[in-house]
Q: 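Here it is, the structure in full.
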Amino acid sequence: MLGGKRLWTRDVGRSKREDVEELLEESLPGTVITIDLKRVEVFDFSFAAEFFGRLIQRLPSDYPGRFIVVENLGPWTRPNLEASLNGLGLTIVERHEGRLRLLGDVAQTDKDTFDALDAVGTATAPDLADTLGVNLTAMNERLGKLLRAGVIRRDEAPGRTRFRYSAPN
Amino acid sequence: MDDPTPLKVRTAPVKLDSVTFDQLLARQDPVERGVFDLDGVTFIAPSGLVSLAVAIEAACDRAHEVVVRVGDLALRTYLARCGFLPLMEPYCEVTPDVGELAHMYDHRQGRNPVVIELTRLNSFDELPPLLDRAIETLGLVRANVYDAYDVAALLSELAGNVLEHGGGTGYLAMQAYGSGKTRFLELAIGDGGPGIRQSLHANPTLPRMADDLHAIIAAIRTGVSSSQEPTRGTGLHQMLRIVIGHGGSAQIRTGSAKVRWRADRPRGFGFVVPHLGGTQVTFSIPAT
């Protein structure tokens, strides 16, 4: 649970981000860290940029294979977190009514790909290409984008298909 | 027959706000002269209060003994009630002498439901109670609490800019006006620091700004900041998004330029203005 109803300033964002990074440091690939905003009424954009922005930005490079999922966004926090992420060109996974979805700077094709992967939990690029009716090259590009955004994970796979992709779950 | 009475040319506007304050600067050059003549002014908006406070401090920095002439008794009383007189006492002399009036309303500070008095910002620690108060005040003006959160988030963002980029201190004021469908809220915040242009020049990855106008235009774009950190530089962009989304207007003034945005002119229009150091931001939104 993200403590504090009203979260102001970059310094507060930095402090809370460091708390989450401690958890990430101790976690294994596949770990999902959930940030619960149930009690949060409002934050400023410096807080959002420092906490969410830097956390998400560092995730794929510093903590590969770990996931950040946000939940219990409210009528104010949801659109303003989305606006903040859009401004930063970043994407986060949101858990809403039990389902995962992408929030932030994300194209419809990215959402479709993520939703298709989340529906099965784990899949190969050819599987997803078949499911969505796109060619393999296009699917590899989509998955690469989602991988760089830190919202899916990739593991070595046996056989001819080199990789399997997984959504946070 | 010649009239022996010398013709007094009024150099102060009747209303002092983000538009007319620049007329006062142009006509009186008060920062250089050390004299602010408000004779004839009957109303000061939060933007006028903040700009006046910043300009008075700038005049003090020039080793002037600063005088502020306030001929209108009602205005002198307002300046006491809105916190200007007690706050600016160390920086200027108000004439006619205000005497006990300066502190007559000290006990009421923080209690007016539709006003945040002229407040000096000194540290980030002061922000949380100030923002809580802003939310309470706004809750009385607008029925939707999320609108109050919008304004408080912007206030926090702008105050952070003052404290981080504006030399570490500044001023803010807020007031709701009108009634019914014409009710609106104005919030002003400003500093006498280095200004946007000098602040952005601290980032070596940004091109040199040709002038203050170009600096404002650059500063509202996401990612443009004095810092090279990739998550910086979104505050002013978000301010415009929220203010325009509410059907309001905003102005950013720095140095010798200002840009105004309105909901019907979201791309903004710029002006060259008399120089005043630092950055002053004003926004107003309908209160319904």
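Because only heavy atoms are used, hydrogens play no part in the values below, and waters and symmetry mates are left out as well, while side chains stay in. Below, chain A is the first sequence line, B the second, and so on; all start at residue 1.
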Q: Determine the option with the most heavy-atom pairs under 4.5 angstrom with chain A, choosing from B/Leu127, B/Leu154, B/Asp132.
A: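 With the most close heavy-atom pairs to chain A, the winner is B/Asp132.
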Q: With distance as the sole criterion, is a donor-acceptor pair present between the side chains of A/Gln57 and B/Thr231 under 3.5 Å?
A: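 No, no side-chain donor-acceptor contact under 3.5 Å.
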Q: Do any of residues 72-101 of chain A come closer than 4.5 Å to chain B, heavy atom to heavy atom, and if so which ones, in number order?
A: A/Pro75, A/Trp76, A/Asn80, A/Ala83, A/Ser84, A/Gly87, A/Leu88
Q: Which residues in residues 136-143 of chain A have a heavy atom less than 4.5 Å from any heavy atom of chain B?
A: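 Near chain B, by residue number: none.
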Q: Please test B/Leu131 against A/Arg6 for side chain to side chain contact (heavy atoms under 4.5 Å, CB included), starting from the C-alpha separation and ending with a verdict.
A: CA-CA 9 Å; B/Leu131 296 167; A/Arg6 297 172 181 176; over 6 Å; no
Q: Could you tell me the separation between the CZ atom of B/Arg232 and the CZ atom of A/Arg10, rounded to the nearest 0.5 Å?
A: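 With rounding to 0.5 Å, CZ (B/Arg232) is 4.0 Å from CZ (A/Arg10).
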Q: Among residues 241-249 of chain B, which ones touch chain A with a heavy-atom distance under 4.5 Å?
A: B/Arg241, B/Ile242
Q: Just wondering, more than 12 heavy atoms not from A/Arg14 lying within 6.0 Å of its CZ?
A: yes
Q: If you count heavy-atom pairs within less than 4.5 Å of chain A, which of B/Pro230, B/Gly160, B/Gly233 leads?
A: B/Pro230
Q: Of the backbone (N, CA, C, O) and the side chain (C-beta and beyond), which part of B/Thr234 lies under 4.5 Å from a heavy atom of chain A, both, or neither?
A: side chain
Q: Is A/Phe47 in contact with chain B via its backbone, its side chain, both, or neither, using a 4.5 Å heavy-atom distance?
A: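 Neither; nothing under 4.5 Å.
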Q: Applying a heavy-atom distance below 4.5 Å, give me the residues of residues 18-36 of chain A that approach chain B, sorted by number.
A: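 From residues 18-36 of chain A, none sit under 4.5 Å of chain B.
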Q: Distance-only, no hydrogens or angles: does the B/Glu157 side chain make a donor-acceptor pair with backbone N or O of A/Asp44 under 3.5 Å?
A: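 No.
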Q: Whether A/Arg54 and B/Glu229 form a salt bridge (side-chain N of Lys/Arg under 4.0 Å from carboxylate O of Asp/Glu) is what I want to check.
A: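 Looking at A/Arg54 together with B/Glu229, the answer is yes, because their closest N to O distance falls below 4.0 Å.
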Q: Do you know which two heavy atoms are closest between B/Ala153 and A/Phe45, and how far apart they sit?
A: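 Distance-wise, the nearest heavy atoms are CB-CE1, 4.3 Å.
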Q: Give, as side chain, backbone, both or neither, the part of B/Ala159 having an atom under 4.5 angstrom from any heavy atom of chain A.
A: neither
Q: Which atoms of B/Leu155 are under 4.5 Å from chain A, going by heavy atoms: the side chain, the backbone, both sets, or neither?
A: neither
Q: What part of B/Phe124 gets closer than 4.5 Å to chain A, counting heavy atoms only: side chain, backbone, both or neither?
A: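 Contact with chain A is through the side chain of B/Phe124 alone.
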Q: Surrounding NE2 of B/His214 (heavy atoms of other residues, nucleotides or ligands, distance under 6.0 Å), is the total greater than 12?
A: no
